[in-house]
Amino acid sequence: MILRSLTLDFFRNYLHFEGEFSPGVNVIWGENAQGKTNLLEAVAYLSTASSHRARYDRELIQFGVDHAFLQGEVAARDRDFTLEARLSREGRRQLFSNGVRLKSAAELSGVLNTVLFCPEDLYLIREGAAERRRFLNDCICQLRPRYAEALREYRRLYEHKTRILRDWEERPALLDTLDEFNLRMAQTGALIIHYRAHFVKRLREVTPPIHRDFSGGREGLDLRYETVSTVTDPLAPARTILDQLLSHQESHRKAELEARQCLSGPHKDDLAVELDGRSARQFASQGQTRTAALSLKLASREIFFRETGEWPVLLLDDVLSELDQKRQEFVLRRITGGQVFISCCEEMELNRLGEGKTFHIHGGALVR
Ligand code: ATP
Ligand code: MG
């Protein structure tokens, strides 16, 4: 997958941007607060119709303006696509692929896939399980449309069941539907666990060698998928998992009614990351945390390539500056293959990078 060109109007601090990119490495450089992250954010937006750092689309629109426009020319699966997003402060956002209006962001998936690594990704290791579930969800959704569907369904059921558990004392009739919701959540949950387990299995094959090389052979990383305690083998067929989920729900029924929240199901799953046998979340240093998080992201990119034959576009925001020389060299060696966007504060010598192009960004504009 290649993003050939990008056009922006009134996106963040860009009044207007037009750029044609290299299929290799694109270095986006400039001083702080000039628009480097904004540019990567725009590329990611064309991929997922969402931003890693904006809660609402209107944050992406330039201050004082009421609309923004993004357009990207993409080559993927031997075809050309023109992706467009029109954002408006008042109305709904509109997405287009080759001029055809898309009904939802889900239809965008599969055109331009991206893997983004940014400074906030240290949370992937440091924070609670929600961050790691999000990582798993993002990765699997890009590969398996059925998983994305199951996840949406599960979230809907979860919200509904949460309301039942919250209000049942005031409205006992709600309990009549609880069994039905439990069953459907267990069915959808079994599918989710099955997909997650298989993805983590791939991740366990691909990530440790990356991390080992990255750390100069010094550190061993291991991953473990943690799900509902009654599930003996998450890799088992969904039918087997279903029975085990139902029995877990049954044993937690009373506790759920008392706590008035869903206690049973894969919405509490985690991906445990260990370094040399110790929990990375608790014990990893700053550098180890960064290395582990980046290894996971690079692994997800390689898995995507092995599964689909296409490299997702890699967006590396501000990673190199924090790494020592050896680790920088490692990253630059490892990212050959697909198209890459790297932001940094100083101009990099391209001969370190192979084929590529540099873009100097200043004040929300390209310096020619
Ligand atoms: P750093 O090296 O510090 O990470 P950067 O080049 O990545 O800097 P960006 O995060 O891209 O900087 O932000 C550039 C500028 O864009 C910031 O000064 C920010 O205030 C501004 N900005 C953010 N959102 C908007 C918006 N909606 N309209 C106008 N400007 C905005
Ligand atoms: Mg930045």
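Whatever order the structure lists them in is the order used to number ligands and atoms, beginning at 1. Numbers for residues simply follow the sequence, beginning at 1.
Heavy atoms of Arg53 approach ligand 1 to within less than 4.0 angstrom. For the pair Gly35 and ligand 1, a heavy-atom separation below 4.0 Å is found.
In this structure, atom 12 (O) of ligand 1 lies nearest to the protein heavy atom Ala33 CA, 3.4 Å. When hydrogens are left out, the protein atom nearest atom 25 (C) of ligand 1 is Phe63 CZ, 3.4 Å; that is the closest non-hydrogen contact. What sits closest to atom 7 (O) of ligand 1 on the protein, heavy atoms only, is Thr37 OG1, 2.7 Å. Distance from atom 3 (O) of ligand 1 to its nearest protein heavy atom, with residue and atom name: Asn32 ND2, 3.2 Å.
Short contacts between ligand 1 and Asn38, defined as distances under 4.0 Å to a heavy atom of the residue, involve ligand atoms 9 (P), 10 (O), 11 (O), 13 (O), 14 (C), 15 (C), 16 (O).
Counting only heavy atoms from C-beta outward, the side chains of Phe341 and Val313 approach each other to under 4.5 Å.
Between atom 5 (P) of ligand 1 and the options Glu59, Glu31, Lys36, the minimum heavy-atom separation is to Lys36. The heavy atom nearest to atom 15 (C) of ligand 1, out of those in Val65, Ile61, Asn13, is found in Asn13.
The Mg ion (ligand 2) has Thr37 OG1 as its protein N, O or S neighbours under 2.8 Å.
Atom CZ of residue Arg89 and atom CG of residue Leu60 lie 10.0 Å apart, to the nearest 0.5 angstrom. Annotation: the span from Met1 atom CE to Phe305 atom CZ amounts to 11.5 Å, rounded to 0.5 Å. Atom CD of residue Glu302 and atom CH2 of residue Trp311 lie 5.0 Å apart, to the nearest 0.5 angstrom. Taking CZ of Phe11 as the start and CG of Leu6 as the end, the distance is 8.5 Å to the nearest 0.5 Å.
Note that Arg155 lies outside the cation-pi zone of Tyr158, set by a 6.0 Å cut-off to the ring centre and a 45° limit from the axis.
Residue Leu60 has no N or O atom closer than 3.5 Å to an N or O atom of ligand 1.
Remark: the backbone N or O of Arg146 is not paired with any side-chain donor or acceptor of Glu149 at under 3.5 angstrom. A donor-acceptor distance shorter than 3.5 angstrom exists from the side chain of Lys297 to the backbone of Leu116, with no hydrogens or angles considered.
The pair Asp269-Arg196 counts as a salt bridge, with a side-chain nitrogen and a carboxylate oxygen less than 4.0 angstrom apart.
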Could you go through Glu256 and Arg253, starting from their C-alpha distance and side-chain angles, then the distance that decides it, and tell me whether this counts as side chain to side chain contact (heavy atoms under 4.5 Å, CB included)? CA-CA 5 Å; Glu256 284 192 329; Arg253 191 183 172 94; 5.7 Å; no
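In this structure, atom 19 (C) of ligand 1 has its sub-4.0 angstrom surroundings free of protein heavy atoms.
For the residue pair Asp318/Ser343, the side-chain donor-acceptor check at 3.5 Å is not satisfied.
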